[in-house]
2 protein chains.
Amino acid sequence: MFVRHPDNPLITPQNVKPSRPDFEVIGTFNAGAALCDDEVILLVRVAERPLHAPNGIVLSPHLSPDGDLVVQEIRRSDERYDTSDPRAIRDRITGGLLLTSISHLRLARSKDGVHFSVEAQPWLAAQPPYEEFGIEDARITPIDGSYYVNYTAVSHYGVATGMVKTRDFRQIERCGLIFPPANRDVTLFPQKINGLYYCYHRPMPGMFGSMNMWVATSPDLTHWGQHQRVWETKLGGWEAGRVGGGAPPVYTERGWLSIYHAADPQQRYCLGAFLTPHDDPTRVIAYSPQPVLSPEAPYEVEGFFGNVVFACGAIVQDDVLRVYYGAADERIALVEARVADVVDHLAAI
Amino acid sequence: MFVRHPDNPLITPQNVKPSRPDFEVIGTFNAGAALCDDEVILLVRVAERPLHAPNGIVLSPHLSPDGDLVVQEIRRSDERYDTSDPRAIRDRITGGLLLTSISHLRLARSKDGVHFSVEAQPWLAAQPPYEEFGIEDARITPIDGSYYVNYTAVSHYGVATGMVKTRDFRQIERCGLIFPPANRDVTLFPQKINGLYYCYHRPMPGMFGSMNMWVATSPDLTHWGQHQRVWETKLGGWEAGRVGGGAPPVYTERGWLSIYHAADPQQRYCLGAFLTPHDDPTRVIAYSPQPVLSPEAPYEVEGFFGNVVFACGAIVQDDVLRVYYGAADERIALVEARVADVVDHLAAI
């Protein structure tokens, strides 16, 4: 039912200027999306790394406690470090992780939702201490006249969820961490339900436990509680590895529609969808037994980290759901479907 | 400065009846403490396991989704399972954990704080789904005329923090999960500070990150936010492995006194102490460079899991701080010190 846009991919690293002359852009992906005035706004995750890594060296850029950029050099031959994952370097002694790139959020705007103009400078750059390894995977939710932007804050403390708010995408107010480590993939509902705000979140259990989607409530969007699991991994199949929030839930006639991501144990990421009643985000009433989008197009299968489709944003225009998603952790692409078709496609529970 | 009580240990498994005739009590430890009327109340973690494990078998008791007790039999010779830890069995295929005992909370009361009468039945028993492996390590905090009891809820979803409240230790109101997995060792401040409640909590990072103490605020004790780290592990030494909350913070003339736990990488658990200003629980102003209590007494060194002192509760009577602590994950013991002596002992930061 989802149709890939013929202009896909819409944004690639080649379209985007690095934030520093000594950096290159290696990923433009996992963008939050919103309608603002007559434009489509994307907050794109831009992953950069230092130019010119010497032979046999992996570079890890991050911020010092004072906020200065530091580039750590890791020899591939150093047995202390596991450099087999292109995204991260594991320190076998401390168990710690270093990233091979550092991400910030970049604003892109478009009149037609297809042709985007990407700003030359970061919209939101990382700050120590909780963002020393970068900020990733924004979700934008319009609530009460402001846009709330939550994102993944990465540091040696772990992976947490930060938030900022803005009225116009110019002035930005930082709101701190809304979830401590380890938690990401937070999607906010755009209005109060029974007097409380709601979100989905994805705790990453420490010693044991699987990667499930949870729901929480808040009186003020800052403080969260009443945690319950809402959607779980399933043994054997496309949802066996992990599930987590994608785009912020979309109001439809028949309930709240959530586009979420799921990965199998081989880290192939698909999109799924489920529906909850208007008055109860904790109860899934219909779901997609099979993915609503799987990595099949060349720009989804091949790339920095292949076989990944991962949505952080969706908008509705003229009853059409337009889902902006990261493809292969490298590019931004678009799929479209009539909202009613997506909802009709779901199986009742 | 802390002096062990000569009657230590005060409560041992031999003093406590099992909750079922087919169970034995293997641990009475990590108790929350409070003053209620003219009594000292302890909520003791009682760990039980089924009697009569056949040779070569480890038993794992837990609750079914309907709340029925299930005892799973694991063969020590089965290479799928790592049974080397007396506390837990790791499934090498799924990464999942099973526990060798199941805990509940048992009420004990005393007029003198030394001789306790332990009730015959659980005060709070585990409920599925978030407590299917048991409930552990209660902290009791008197706030606004009620006692708030937070505890560790263990299930296949991970380790989370649940809460109940009571006015009289008879009627119990369940409040759900206040922190999702993986998070434990929550200590609540007994009053609002600058219009908000505060707590310390201990996230357990998923992929990477160390086991530090964090602080959060709440308008209502249910919803928590504004997360910041407040006390961190230190390389090489008694705090190198993990740090986490112990007893709920105690109001003193010079600030809030927190007794916390720290473990080294060999899992030797000690107690430390720090002080924060009356108006700012996020800022440590004095601390204990060395432990204020280390496992040295025979009942602390030897036991179910030796070399552990671990406090969940403390009370103040006549300017004396009485800290009830778990010894060797098996028994409850008591140390005492003048509050002023503990505070004087700390080094300014």
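These values consider heavy atoms only, across backbone and side chains, with no hydrogens, waters or symmetry-generated copies. Residue numbering restarts at 1 for every chain, and letters A, B, ... go by the order of the sequence lines.
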Tell me, side chain or backbone of [X] under 4.5 Å from chain B's heavy atoms, or both, or neither?
{"X": "A:Thr217", "value": "both"}
{"X": "A:Trp224", "value": "both"}
{"X": "A:Tyr197", "value": "neither"}

Checklist entry - Between A:Leu196, A:Asp91, A:Thr222, which shows the greatest number of heavy-atom pairs under 4.5 Å with chain B? => result A:Thr222
Item to check | Greatest number of heavy atom pairs closer than 4.5 Å to chain B - which of A:Pro129, A:Cys175, A:Pro265, A:Ala88 | outcome: A:Pro129
Would you indicate whether [X], at its atom [atom1], is surrounded by more than 12 heavy atoms from other residues, nucleotides or ligands within a distance under 6.0 Å?
{"X": "B:Arg92", "atom1": "CZ", "value": "yes"}
{"X": "B:Arg283", "atom1": "CZ", "value": "no"}
{"X": "A:Leu235", "atom1": "CG", "value": "no"}

Between [options], the one whose heavy-atom pairs under 4.5 Å with chain A are most numerous:
{"options": "B:Gly96, B:Gly176, B:Gly158, B:Ala160", "answer": "B:Gly158"}
{"options": "B:Asn183, B:Ile178, B:Asn212", "answer": "B:Ile178"}
{"options": "B:Ser218, B:Ala216, B:Pro219", "answer": "B:Pro219"}

Next on the checklist: Using the rule side-chain contact (heavy atoms from CB on, under 4.5 Å), only one of A:Gln228, A:Glu232, A:His227 pairs with B:Tyr157; which is it?
Outcome noted: A:Glu232
Checklist outcome for this item: All heavy atoms of B:Gly225 vs all of A:His223, minimum pair found to be N-CD2, 3.3 Å
Checklist outcome for this item: Here the pair of heavy atoms bringing B:Pro180 nearest to A:Pro203 is CB-CG, 4.1 Å
Checklist entry - At what distance, to the nearest 0.5 angstrom, does CG of A:Leu177 lie from CZ of B:Arg229? => result 10.0 Å
